There are 2 protein chains.
Amino acid sequence: MQTGVQAANGKLTKADKTRARLIEVATRLFQEHGTDHVTVRRIAAAAKIEAGSIYYHFSSRDEILRAVLERGVGGAREEVMAAIAEAGADSSALVRLRAALGAHLKYTLRHHFSSRLKAIRRLPKRLRDHHMQQERDYAAIFARLLREAQREDLLRGGFDPSVVRMLTMGALTWVAEWYDPKGPLTPDEIADELMGVLTNGIVKP
Amino acid sequence: MQTGVQAANGKLTKADKTRARLIEVATRLFQEHGTDHVTVRRIAAAAKIEAGSIYYHFSSRDEILRAVLERGVGGAREEVMAAIAEAGADSSALVRLRAALGAHLKYTLRHHFSSRLKAIRRLPKRLRDHHMQQERDYAAIFARLLREAQREDLLRGGFDPSVVRMLTMGALTWVAEWYDPKGPLTPDEIADELMGVLTNGIVKP
DNA sequence: AACAATAACGAACAACTGTTAGATTTTCAT
DNA sequence: ATGAAAATCTAACAGTTGTTCGTTATTGTT
């Protein structure tokens with residue numbers, strides 16, 4: 001196995017490219033068929049190499065899954081943080097929340113990265129701990145935005161912020177289960193709807 | 001294999017009891033470890049019979065899964081409908097919606113029946129079609145409540161009801177992923193929070 | 001008590017799994 | 001062009017899976 005860190009000279013080695021391709025197709029296959037129904041042989045076939053060759057790049061099947069999860073959560077986190085930053089530190093916490101929701105949806109829907117991969121309870125224990133921590137960190141972004149909205153005195157009282165946060169994350173996560181890329185809805189429109197519910201509810205005042 | 005319809009005389013045959021026991025333990029195991037990580041041998045062991053004996057009651061492993069899904073969605077549907085009926089046909093559609101949310105959460109959390117079992121896209125195609133129809137029927141209950149609320153002129157405009165419905169179902173479904181039965185929250189309290197968000201949002205007027 | 005129907009056993013199966021290791025090819029600096 | 005290093009191939013392995021089937025035990029009716 002090799003480390004995935006590219007050679008010191010700027011060049012991308014052949015192994016770097018193969019490794020990246022493996023992660024790419026594995027992500028798609030995991031999402032499409034569920035982590036358990038994807039064998040190393042299928043990943044290999046999709047990446048146009050033989051099954052045994054995978055073990056030159058990854059020490060085990062679990063390592064592939066770990067790499068996929070790492071890149072997935074990490075990538076989403078980066079884009080969400082970028083969107084928040086772009087909204088501007090001086091903007092309302094609600095504007096930043098809307099930006100975060102949109103970025104999250106755009107990333108997860110674009111990268112086929114969603115609930116399917118997040119059924120973390122069934123991961124091997126070693127992976128699970130690390131991934132759950134990553135997941136908690138990610139959720140903390142949204143928790144922080146809610147707290148800031150509260151501090152800016154934008155929120156009404158009488159609700160449990162942590163429960164609302166988890167309900168929101170659930171709604172968000174589940175989108176990948178019903179979203180149809182060929183349908184009329186854009187990720188941003190879904191984010192608008194969700195933000196609308198959070199802002200006003202759906203009931204007449 | 002046998003049909004599961006109990007003998008004409010009121011008696012429950014031994015096979016009826018075994019079959020029921022198999023479905024029961026399979027439901028728990030599927031939920032606990034994920035559908036894919038549960039082998040027929042584990043189900044058999046949990047039901048205190050041998051693996052081969054399962055095929056006297058079910059023609060295949062998929063048939064067990066089908067039975068579990070059938071009873072799960074069917075059971076939830078029954079309890080939700082009952083809760084709506086109990087709320088009274090003359091009550092506000094919002095009151096009935098609140099009752100439906102509570103019943104759904106109580107059932108799914110009590111019966112360990114949740115998203116884990118609902119990763120329907122990865123089901124064998126034959127099962128998937130039937131189960132997706134059942135799922136659509138179930139979602140239609142909530143769609144109907146929203147429509148009735150609209151007819152009763154309780155809802156503000158400016159949102160897409162079908163998107164809001166799916167976001168709500170997502171929040172609902174995902175609860176089973178984070179809910180801790182030993183924690184302080186009751187299913188009813190979660191339903192209250194969700195209903196609160198739907199009603200008023202979380203932002204100051 | 002005897003007998004047929006019912007229910008469960010238990011050993012075997014073929015297919016598929018992740019993984020290994022030695023042989024083979026490709027890559028690239030010299 | 002040559003040789004070493006890097007990358008891939010190929011065949012095999014041990015274990016697990018769903019399933020089958022002939023045998024055995026249990027049940028309920030006469």
Side-chain angles (χ1 to χ4, degrees), chain A residues 1-26 29-30 33-68 122-127, chain B residues 1-26 29-30 33-68 122-127:
Chain A
M1 178 183 117
Q2 76 141 36
T3 60
V5 190
Q6 77 193 59
N9 57 355
K11 294 257 177 194
L12 243 54
T13 71
K14 190 181 185 192
D16 285 329
K17 282 190 266 184
T18 302
R19 194 189 145 92
R21 187 156 32 94
L22 281 169
I23 295 181
E24 200 175 323
V25 300
L29 290 175
F30 283 155
H33 306 102
T35 43
D36 297 315
H37 285 148
V38 177
T39 68
V40 291
R41 283 172 175 83
R42 282 178 79 176
I43 299 174
K48 310 272 190 202
I49 63 175
E50 293 298 315
S53 310
I54 284 193
Y55 289 83
Y56 182 78
H57 305 277
F58 297 93
S59 64
S60 72
R61 184 186 179 280
D62 274 353
E63 278 300 308
I64 306 177
L65 183 51
R66 201 184 60 77
V68 167
R122 73 173 84 156
L123 288 178
K125 293 126 202 74
R126 189 174 32 83
L127 292 191
Chain B
M1 179 183 117
Q2 76 142 32
T3 59
V5 189
Q6 77 193 58
N9 57 353
K11 293 257 177 196
L12 244 53
T13 70
K14 190 182 185 193
D16 285 329
K17 282 189 267 184
T18 303
R19 193 189 146 93
R21 187 155 33 94
L22 281 169
I23 294 181
E24 200 175 324
V25 300
L29 290 176
F30 282 155
H33 306 101
T35 43
D36 297 315
H37 285 147
V38 178
T39 68
V40 292
R41 283 172 175 81
R42 283 178 79 177
I43 299 174
K48 310 274 191 200
I49 63 175
E50 292 300 315
S53 311
I54 283 193
Y55 290 83
Y56 183 77
H57 304 277
F58 297 94
S59 65
S60 73
R61 182 185 180 281
D62 275 352
E63 277 300 308
I64 305 177
L65 182 52
R66 201 184 59 78
V68 167
R122 75 172 83 153
L123 287 178
K125 294 124 202 78
R126 190 172 32 83
L127 291 191

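Values in this document were obtained by computation on a predicted structure and should not be read as measured data. Any value given below was found using the heavy atoms of this structure, including those in side chains, with hydrogens, waters and symmetry copies removed. Throughout, protein chains are lettered first and strands after them, A, B, ... in sequence-line order, and every chain is numbered starting at 1.
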S.K.: What is the minimum heavy-atom distance between Ala67(A) and Arg19(A), and which atoms define it?
M.R.: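 Scanning both residues, the minimum pair turns out to be CB-NH2, 4.4 Å.
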S.K.: Can you measure from CD1 (Ile49(A)) to OH (Tyr56(A)) and round to the nearest 0.5 angstrom?
M.R.: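 Those atoms lie 12.0 Å apart.
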S.K.: Report yes if a side-chain nitrogen or oxygen of Thr18(B) is closer than 4.0 Å to either non-bridging phosphate oxygen (OP1 or OP2) of dA8(C); otherwise report no.
M.R.: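 Checking Thr18(B) against dA8(C): at least one side-chain N or O falls below 4.0 Å of OP1 or OP2.
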S.K.: Between Ile43(A) (CD1) and dT17(C) (C1'), how many Å, whole number?
M.R.: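 Taking CD1 of Ile43(A) and C1' of dT17(C), I get 13 Å after rounding.
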S.K.: So that I can tick it off, tell me whether Arg21(A) and Glu24(A) are bridged by a salt bridge, with the cut-off set at under 4.0 angstrom between side-chain N and carboxylate O.
M.R.: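 No, Glu24(A) and Arg21(A) are not salt-bridged.
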S.K.: Just the rounded figure in Å: distance from C1' of dT25(C) to NZ of Lys48(A).
M.R.: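 Result: 20 Å.
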S.K.: Using a cut-off of less than 4.0 Å, is there contact between a side-chain N or O of Thr13(A) and OP1 or OP2 of dA7(D)?
M.R.: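 So the side-chain polar atoms of Thr13(A) do come within 4.0 Å of the phosphate oxygens OP1 or OP2 of dA7(D), strictly under.
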S.K.: Could you tell me how far apart Asp36(A) (CG) and dT17(D) (P) are, to the nearest whole angstrom?
M.R.: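 Rounded to whole Å, this separation is 12 Å.
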S.K.: NE2 of His37(A) versus P of dT17(D): gap in Å, rounded?
M.R.: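 The answer, rounded to whole Å, is 13 Å.
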S.K.: Can you tell me how far P of dT19(C) sits from OH of Tyr55(A), to the nearest Å?
M.R.: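 It is 3 Å, rounded to the nearest whole Å.
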S.K.: Which nucleotide wins on minimum distance to the side chain of His57(B), given the candidates dA7(D), dA8(C), dG18(D)?
M.R.: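 Of the candidates, dA8(C) comes closest.
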S.K.: I need the CD1-P distance between Ile54(A) and dC9(D), as an integer number of Å.
M.R.: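 Distance check: Ile54(A) CD1 to dC9(D) P gives 10 Å.
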S.K.: Taking the minimum atom-to-atom distance to the side chain of Arg61(A), which one of dT6(C), dT17(D), dG18(C) wins?
M.R.: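 From the listed options, dG18(C) comes nearest.
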S.K.: Quick check for you: among dA7(D), dT17(C), dT10(D), whose closest atom lies nearest to any side-chain atom of Glu50(A)?
M.R.: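 Nucleotide nearest to Glu50(A)'s side chain: dT10(D).
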S.K.: Please report the distance, rounded to the nearest Å, between CZ in Arg42(B) and C1' in dT19(D).
M.R.: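 Rounded to the whole Å, the gap is 19 Å.
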S.K.: Using the closest heavy atom to pick a nucleotide of DNA chain D for each, name whichever of Thr39(B) or Ala51(A) lands nearer the 5' end.
M.R.: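 Result of the comparison: Ala51(A).
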S.K.: Considering non-hydrogen atoms only, spot the tightest contact between Arg42(A) and Leu29(A) and give its length.
M.R.: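 Closest approach of Arg42(A) to Leu29(A): O-CD1, 3.9 Å.
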S.K.: For a quick test of reading the model: is some side-chain N or O of Ser53(A) closer than 4.0 Å to OP1 or OP2 of dC9(D)?
M.R.: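 For Ser53(A), the contact criterion (side-chain N or O under 4.0 Å from OP1 or OP2 of dC9(D)) is met.
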S.K.: Would you mind telling me which residue lines up with the more 5' stretch of DNA chain D, Gly52(B) or Ile49(A), judged by nearest nucleotide?
M.R.: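 The residue mapped nearer the 5' terminus is Ile49(A).
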S.K.: Can you see if the side chain of Tyr56(A) gets near the phosphate of dA7(D) - specifically, an N or O under 4.0 Å from OP1 or OP2?
M.R.: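 Result: yes.
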S.K.: Just compare dT19(D), dG18(C), dT6(C) and give me whichever is closest to any side-chain atom of Arg41(B).
M.R.: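 That would be dT19(D).
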S.K.: Figure out the CG/C1' separation between Asp16(B) and dT27(D), and round it to whole Å.
M.R.: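 These atoms are roughly 14 Å apart.
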S.K.: Minimum heavy-atom separation for Val25(B) and Ala46(B), please, with both atom names.
M.R.: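 Closest approach of Val25(B) to Ala46(B): CG1-O, 3.9 Å.
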